Every structure is written in structure tokens, then in C-alpha cells.
2 protein chains.
Amino acid sequence: MAVQVSKTGTGKSYIGYDDKGYLWCEELKVVDVLKNVGTSPFFLYSKAQLESNFQAYVEATKGMDAIIGYAIKANNNLNLLRILANRGSGAVLVSGGELLLAEKAGFDLQKTVLNGNGKTMEEISLAVTKGCLINVDSEFDLEHIIQASRQVGRKARVLIRINPDIDPQVHPYVSTGLANSKFGIRNTHLEWFLNRIKQESSFLDLVGVHCHLGSTIKQVKIFKDAATIMLEFVSIIRNAGFHHLQFLNIGGGLGIDYERQGDVIPTPEELVASIRDKVKEAKLTLIIEPGRSIAGNTGVLISRVIGVKSNGNKEFIVIDGSMSEVIRPSLYDAFHWIGLIAPSSGELSKFDVVGPICESADFLGKDRMLPRPEEGSGIVVMDAGAYCYAMASNYNMRPKPAEILVDGKQWKCIRRRETFEDMLMLYDQK
Amino acid sequence: MAVQVSKTGTGKSYIGYDDKGYLWCEELKVVDVLKNVGTSPFFLYSKAQLESNFQAYVEATKGMDAIIGYAIKANNNLNLLRILANRGSGAVLVSGGELLLAEKAGFDLQKTVLNGNGKTMEEISLAVTKGCLINVDSEFDLEHIIQASRQVGRKARVLIRINPDIDPQVHPYVSTGLANSKFGIRNTHLEWFLNRIKQESSFLDLVGVHCHLGSTIKQVKIFKDAATIMLEFVSIIRNAGFHHLQFLNIGGGLGIDYERQGDVIPTPEELVASIRDKVKEAKLTLIIEPGRSIAGNTGVLISRVIGVKSNGNKEFIVIDGSMSEVIRPSLYDAFHWIGLIAPSSGELSKFDVVGPICESADFLGKDRMLPRPEEGSGIVVMDAGAYCYAMASNYNMRPKPAEILVDGKQWKCIRRRETFEDMLMLYDQK
């Protein structure tokens with residue numbers, strides 16, 4: 001059975017099926033990779049897919065001043081970060097840990113943004129020291145940034161995070177730009193912020209504005225509306241005396257085609273085209289913060305079938321992958337396309353695909369039409385490159401899985417599987 | 001303001017407030033512990049609470065043959081496990097990692113049960129080798145156990161996991177005993193299982209039956225109904241020739257009073273009393289698998305306030321704890337009681353208590369009436385001893401927090417906080 005997997009909106013697909021029903025990652029058959037890697041589950045990434053997804057943003061922003069700030073929280077594998085840093089990517093950081101990691105990966109820290117509603121003093125001080133851009137999220141956050149700048153003895157380059165109150169029409173957990181969100185300043189307090197920044201102009205350099213609407217967004221119009229609103233704020237702020245305001249950070253949040261039913265997802269080109277003229281006209285440098293649309297379809301989770309069982313009217317494929325590697329289905333009710341990695345003559349039937357964790361929340365997919373697989377055969381959970389390993393846990397004392405990177409005909413382990421001993425590392429006396 | 005925290009159903013409360021509004025853990029004021037520990041957030045446990053909760057099960061099962069099998073998945077801190085193992089607790093295991101950990105903690109492995117719908121061959125072989133009881137979950141699981149016993153050259157002691165199809169009236173994610181669940185055998189196939197076990201009697205010793213209804217259960221009647229159904233199965237199985245069937249494992253799942261509004265939760269005494277006579281009459285050894293009711297109110301998460309912000313009609317307390325330590329609110333829509341750890345003269349107001357993670361799912365509690373706290377002051381998330389650290393992640397490159405154990409007037413670190421370097425441990429080349 002040849003399962004067709006559609007291409008995503010961000011360009012060519014480097015992980016997909018051939019006509020015979022074998023899954024390939026670049027020039028390697030995934031069944032062969034599974035055999036050679038040995039243990040499962042593991043995450044499998046395509047280098048070409050990562051580079052191609054990033055390149056789509058490079059091309060989309062050609063001819064304009066722009067920073068492509070990869071959102072490290074989506075996938076923070078150091079070796080993947082190095083690939084992006086080498087290509088000139090900026091980075092969006094949400095913790096001190098991510099800042100240190102970005103430095104280690106070789107990102108130009110002038111092209112990084114520290115974001116977040118609850119930055120600690122230590123994190124802000126580090127960001128000021130390293131010259132990162134810093135988003136101001138609230139009154140207390142601004143005061144902390146002032147304090148940190150005083151201590152460090154260096155001006156902080158700040159952007160104000162504005163809440164445009166636009167509904168991104170996504171799951172509430174990944175919606176961040178509504179008035180009820182924990183993120184961003186009260187727009188009615190903008191004047192207070194501007195006055196406070198003026199008062200502390202020896203410690204603060206207001207260089208831009210930021211917004212972030214949410215995640216898994218599928219409509220360009222939402223970004224366009226946000227840009228329109230943000231440009232009004234830019235005018236207000238410039239007219240208040242901040243004539244050199246330089247950056248418009250429109251955040252991230254572009255969705256990907258998880259369903260793989262040919263859904264039309266805007267490309268980075270379409271997204272940027274919808275706002276390009278306005279941004280250039282206003283003489284602004286665009287910052288864009290893609291995470292999922294760069295990392296999402298770059299990786300998949302490869303598992304083995306432990307067994308197939310029936311509870312009368314319901315059938316289950318039990319795999320060795322679980323919610324401890326991919327929590328998105330149970331946390332966000334998210335859909336990931338699931339398939340076998342090799343052709344199968346098994347009868348088609350409707351299955352829940354579940355993991356071995358002792359908990360009903362441990363499912364990867366429900367009601368999936370799949371050929372009945374043999375024990376030991378490989379199962380792929382597609383589009384697991386973003387917000388999967390990054391959110392992985394050791395629930396049920398499960399070791400974190402290996403991460404494997406494919407480059408053409410070669411594969412290598414870019415983060416090894418955790419061992420039982422590793423899981424005991426934080427005990428002083430074993 | 002003195003906040004009163006009610007006692008839980010399982011006995012005396014060792015973590016609670018005094019009349020002045022200070023939170024105590026045994027004989028230590030938590031504000032002092034916070035000051036001395038330094039970094040936050042951290043988990044804080046009471047040794048006396050753990051022992052008292054376990055003791056409640058010991059007393060409940062006095063005068064009958066019983067194994068109290070602590071469900072390690074609830075909280076697997078090695079030092080807490082050692083306390084329970086020393087007191088004679090058995091253990092319920094759901095992975096090979098938990099089995100190795102139970103051995104390290106000193107549990108008598110004859111009093112452990114390996115559970116799960118997706119055990120690997122390696123895990124089963126280990127369990128057979130070590131003499132654990134093993135729950136048979138499905139046809140393929142039974143075949144794997146037979147295979148493992150052959151390989152190891154030792155009889156497996158097995159229980160059949162029966163699905164009693166009882167609604168525990170809890171969140172679907174923690175409900176496990178309904179016909180649509182991924183767990184347990186099809187009851188209509190029981191005869192097949194019994195015949196197969198007879199055929200392979202040189203490799204299998206059928207010693208009991210098992211069921212597990214779910215979690216956070218608040219009604220004794222649900223356990224009683226399950227026991228009635230299970231005893232019918234015991235009769236059927238004994239009459240089929242397994243006269244020596246010894247164990248009735250009624251699983252775990254007793255809830256705790258997360259709301260702390262004085263909800264009446266059955267005690268272990270009440271639970272066991274409701275089935276005691278029937279179990280003794282049937283000459284069975286009872287196995288019970290408490291996790292949450294032993295570990296849940298044993299621990300709390302202590303965080304510091306980073307700041308307080310308003311988005312117009314909504315106010316937020318931003319703390320340095322987050323969904324990466326306590327995912328239950330966002331994953332299960334679970335309620336944890338939240339309070340300040342010291343008296344405050346702050347004006348009472350309604351707040352969302354949120355963490356610093358860049359995601360709207362990162363909340364600990366919503367719409368909580370609390371005094372407006374000072375920056376840096378301590379916040380407690382109560383009843384965080386079960387399914388919190390065990391499910392913790394490094395999302396946003398957050399290090400796993402320290403775990404602190406209080407014993408009377410003493411505290412010690414029983415698992416250290418992760419460092420940035422620790423988080424890079426799985427890269428071969430840094």
C-alpha cells in the first residue's frame with residue numbers, strides 16, 4: 001500500500017514515501033535506519049529539510065532589512081541550532097538556558113531576542129551583558145530591565161511587547177495575543193511605558209515593538225491585520241519622540257500541515273509579501289520568529305510496534321513511543337499523521353495508536369485507518385520536529401530517546417539516548 | 001491573613017498553616033527553608049507525611065494477607081522510595097527503569113508487580129528473572145511473557161488484568177477501567193487466556209487477577225463494585241482448574257482532596273473495610289496499588305513571585321515555577337490549591353497564577369483569590385507530591401528543580417537541581 005504524504009507549505013519535502021510504500025528520509029530508507037540504530041523510539045531529522053525551511057524565510061525576506069529569529073524553544077538540539085546559526089539565522093530565546101545554548105551554537109547574539117513574561121533578574125542581566133534585544137512584557141519586567149542595566153552598566157536594547165488583541169483562531173493553549181493573555185503590556189498603559197523609558201534613557205534604548213499572536217496559524221490575513229495595528233503603534237511611539245525606532249517584530253506562529261490532507265498553509269513568502277511594502281515604507285527592520293514552520297516537518301518519531309490488541313469494539317496498536325516523547329496529542333488535542341514505514345499486506349482497520357505508559361492520556365493518534373502491522377515493524381509519527389523532544393519527560397522512568405540526523409546518504413546520532421544511570425545523575429549518593 | 005488548609009483523608013497533615021498565616025512543613029517554617037535553599041522553584045516533601053500516609057494502608061490491611069504496592073510512577077525519587085521500602089512497602093512498576101530503581105531502593109522484588117499494556121521483551125525478561133509478579137494485559141503480552149520465561153528458564157508468576165468496565169467518574173485521561181480503555185484483556189476472551197496458560201504451564205504460574213479503574217477516585221462504592229465483579233472472575237478461574245489462585249489486585253486510584261474545601265475522601269481504612277470480608281472469605285491475598293494517596297499531599301512546589309501584572313481586566317501573578325514542573329493543570333485541567341507561604345497585607349484580588357514559559361498553557365491556577373504578593377515572596381502549589389516531578393520536562397531549557405526533604409527540624413536535598421551543563425550531558429561532543 002503506497003501511502004501518499006502531501007508536501008508542506010514551506011517547500012520541498014525530504015521525508016516522504018516512495019511508490020512502493022517505503023518511508024524515506026533524504027536518501028535513506030527509514031527501515032534501514034531503524035535496523036542500524038537498533039533501539040527505539042528515536043527522533044529522525046532531515047538536514048536538507050531544515051535548511052530548506054530556513055532558506056524559504058531567507059528568500060521571503062530578500063530585499064528588505066530583516067532578522068529571521070529561529071524560536072529555539074521549538075527544538076533546541078545543539079547540532080540543529082549550529083546548522084541554523086551557520087546559515088545566519090538569528091534566535092529567539094525564552095530563558096537563560098536558551099541564551100547560553102544560543103551562544104554555544106554560535107548565533108550572533110546581536111541578532112537574538114530575549115522574550116518572556118517572567119524573566120528572572122539573572123536572565124535579564126545576562127541578556128544585557130551579551131547585547132541581546134529584550135522584549136518588555138510588563139511594568140515589573142521593565143523595572144527589572146532597568147535594574148539589570150544599572151547593575152551591568154550597559155544600555156539595554158528593548159522592544160515593547162504589544163498585545164494586538166487579535167484572535168488567531170487556534171487552540172487556546174497556543175493563542176497568545178488576546179487581551180486575556182498573560183503576555184504583553186496593557187496598551188492603555190503605553191504612555192506610562194514611554195515616559196518611564198524616557199526617564200531611564202541612560203539605561204534603555206527603545207528600538208522596536210513586538211507582538212506574538214499564537215501558534216499553528218494558517219491565515220496570512222491574521223499576520224497582516226497584526227502588522228497594520230502594530231504600524232499604528234510604531235507611529236504613535238515615533239511621534240512620542242522615539243524617531244529612531246527600528247524593529248517591527250511580528251512574532252512567529254505560522255502553522256504547518258499536520259493533517260497532510262493538502263491543507264493550504266501560507267508560505268513564508270506569502271506571509272512576508274502581505275506586509276513587505278508597509279514595513280519598507282515605514283523604514284523598519286522586520287523581525288520574524290519562526291519555530292514550528294522551520295523545525296516541525298524536519299523531524300519524525302520512529303517507533304516499533306510492541307503488539308496489536310483488541311478490546312472488543314476497539315483496536316489498539318501499541319508502540320514503544322509514547323506521550324513522554326510526543327505530548328502534543330494529549331496536551332493540545334493535536335493531530336500528527338501516523339503511518340507504517342514499510343509496505344504492509346495487513347488488512348486495513350481502524351486503530352488507536354497508543355504508547356506503553358500507564359495512563360489513558362498516552363496516545364499518539366485515535367481512530368486511524370492503518371494496515372494491521374506485524375510486531376516489531378516501524379511506525380512513524382510525522383511532523384515531530386517541533387515541541388516534541390523539547391517537551392519530553394522521563395515519565396514512567398523512560399529514558400529520553402536518541403536524535404538522529406540524516407544528511408544525504410549518511411546518518412549520525414546528534415544526541416544520544418539517555419541511560420538508566422543518566423536518570424540517576426541528580427542524586428549525590430547513588 | 002491566616003489561610004486554613006484542610007486536612008486530607010489519609011490522616012494527619014504535616015504541611016499546613018499556623019494561625020498567623022505561615023506555612024510550615026513539619027517543624028520548619030517554609031519561608032526559612034526557601035531562604036536557606038536559595039534557588040527556586042523546588043519541591044518540598046514531608047517525611048512524616050509520607051510515613052503517615054503509608055502507615056494508613058498498613059493499618060487498613062491489618063489482619064489480612066495483603067501487599068501494599070506503592071505505584072512508583074507517582075513519584076520515583078529514590079530517597080522517598082527507600083523510606084517506603086524500609087517500611088515494608090511493595091511496589092508497582094510500569095517499566096524496566098522502574099524495576100531497576102525499585103531494586104536499588106531495596107524493595108523486596110517478590111512483592112512487586114510489573115504492569116503495563118506495552119511491556120518490551122527486555123522488561124518482561126528482567127521481571128521474570130527477578131521474580132516479580134507480572135500482569136498479563138493482552139494476547140500478545142501473554143505470548144511475550146511465555147517467550148521471556150522460556151528464554152530465562154524460569155516460571156513467570158502472572159496475574160490477568162481484567163477490565164471490569166466500571167466508570168470511575170473522573171477525567172477521561174485518568175480513567176482506565178472502561179471497555180474502551182487500552183488496558184486489560186477482553187473479558188470475552190478469558191477462556192482463551194486460561195487455556196493458553198494451561199498449555200504453557202511449565203512457563204506460567206497464574207497466581208491472581210488484577211484490575212485498575214482509574215485515578216483520583218472519591219467513592220468507596222466504585223472499589224466495592226469492582227471487587228464484587230473481580231470475585232466472580234476469581235470463582236470462574238478457580239473453577240477452571242486454577243484452585244491455588246492467590247492474589248486479588250484491585251489496583252489503585254484513591255483520590256486526595258486537591259480542592260482543600262473539606263471534601264470527604266475515603267480513607268484507606270474505609271476503602272479496605274468495604275471489601276475486607278469478601279476478600280478474606282475467598283481466601284485471597286489483597287494487592288492494592290496506591291500512588292497519589294501516598295505521595296500526593298507529601299510534597300509541594302515552592303516558587304518565588306517574579307512580578308504581578310495586569311492586562312486590564314485580568315491580573316496575573318508570575319512565578320518562577322511553571323508547567324515544566326507541574327503539568328497537571330494544563331494536561332488534566334487539574335486543580336491545585338495555591339497560596340502565599342507567609343502572611344501578607346496585600347489587598348485580596350483575583351489572579352491567574354502563571355509561570356514564565358512562553359506558552360498560554362503555562363498556568364498553575366486560574367481565578368484565585370489571593371493577597372497581592374510582593375516580588376520575591378514565596379508561593380506554594382499544594383499537593384504536588386504525585387505526578388509532578390515524575391512528569392517534569394526541560395521545556396524552554398528549564399533545569400529540573402531540586403527536591404528537598406524535611407524530617408522534623410531538619411531539611412536536606414534529596415535530588416539536586418539540574419545545571420545547564422547537565423542539560424548538555426547527552427551530547428557526545430559539547
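Predicted model, so just to flag it, every value in this text is computed and none were measured. Just so you know, these numbers use all the heavy atoms, side chains as well, and skip hydrogens, waters and symmetry mates.
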Legend entry - A:Arg415 and B:Met425, any side-chain heavy atoms less than 4.5 Å apart: no

Legend entry - Any donor-acceptor pair under 3.5 Å from A:Lys119 side chain to B:Ile306 backbone: no

Inset, instruction - May I ask you to test the B:Lys104-A:Phe420 pair for a side-chain heavy-atom distance under 4.5 Å? - result: yes

Legend entry - Short side-chain to backbone donor-acceptor contact, B:Asn117 and A:Gly355, under 3.5 Å: yes

Inset, instruction - Could you tell me whether the side chain of A:Val318 reaches within less than 4.5 Å of the side chain of B:Asp137, counting heavy atoms only? - result: no

Legend entry - Other residues, nucleotides, ligands: >12 heavy atoms within 6.0 Å of B:Asp333 CG: no

Inset, instruction - Let me know if A:Thr419 has heavy atoms under 4.5 Å from chain B in its side chain, its backbone, both or neither. - result: neither

Legend entry - Side chain, backbone, both or neither of A:Ile319 within contact of chain B (heavy atoms, under 4.5 Å): neither

Inset, instruction - May I ask you to test the B:Met397-A:Leu100 pair for a side-chain heavy-atom distance under 4.5 Å? - result: no

Inset, instruction - May I ask you to decide if B:Gly184's main-chain N or O and A:Lys309's side chain share a donor-acceptor pair within less than 3.5 Å? - result: yes

Inset, instruction - Check whether A:Asp141 gets within reach of chain B through its side chain, its backbone, both or neither, counting any heavy atom under 4.5 Å. - result: neither

Inset, instruction - Of all the heavy-atom pairs spanning B:Gly116 and A:Cys358, show the shortest one and how long it is. - result: CA-SG, 3.7 Å

Inset, instruction - Could you tell me the separation between the CD atom of A:Glu359 and the NZ atom of B:Lys73, rounded to the nearest 0.5 Å? - result: 6.0 Å

Inset, instruction - Look only at the side chain of B:Asn311 and the backbone of A:Asn187, and say whether a donor-acceptor pair between them is shorter than 3.5 Å. - result: no

Legend entry - Side-chain donor or acceptor of B:Ser95 paired with backbone N/O of A:Asn396 under 3.5 Å: yes

Inset, instruction - Could you check if a side-chain atom of A:Asp428 sits within less than 4.5 angstrom of a side-chain atom of B:Lys412, using non-hydrogen atoms only? - result: no

Legend entry - Minimum heavy-atom distance between B:Ala361 and A:Tyr332, given as atom pair plus value: CB-CE2, 4.5 Å

Legend entry - A:Lys400 side, atom NZ; B:Leu426 side, atom CG - distance, nearest 0.5 Å: 7.5 Å

Legend entry - Residue pair A:Phe140 / B:Val308, side-chain heavy-atom distance below 4.5 Å: no

Legend entry - Residue A:Met121 versus chain B: region with a heavy atom under 4.5 Å: neither

Inset, instruction - Any chance you could measure B:Leu101, atom CG, to A:Leu424, atom CG, to the nearest 0.5 Å? - result: 6.5 Å

Inset, instruction - With rounding to the nearest 0.5 Å, note down the distance linking CZ in A:Phe363 to NZ in B:Lys182. - result: 10.0 Å

Legend entry - Side chain, backbone, both or neither of B:Thr188 within contact of chain A (heavy atoms, under 4.5 Å): neither

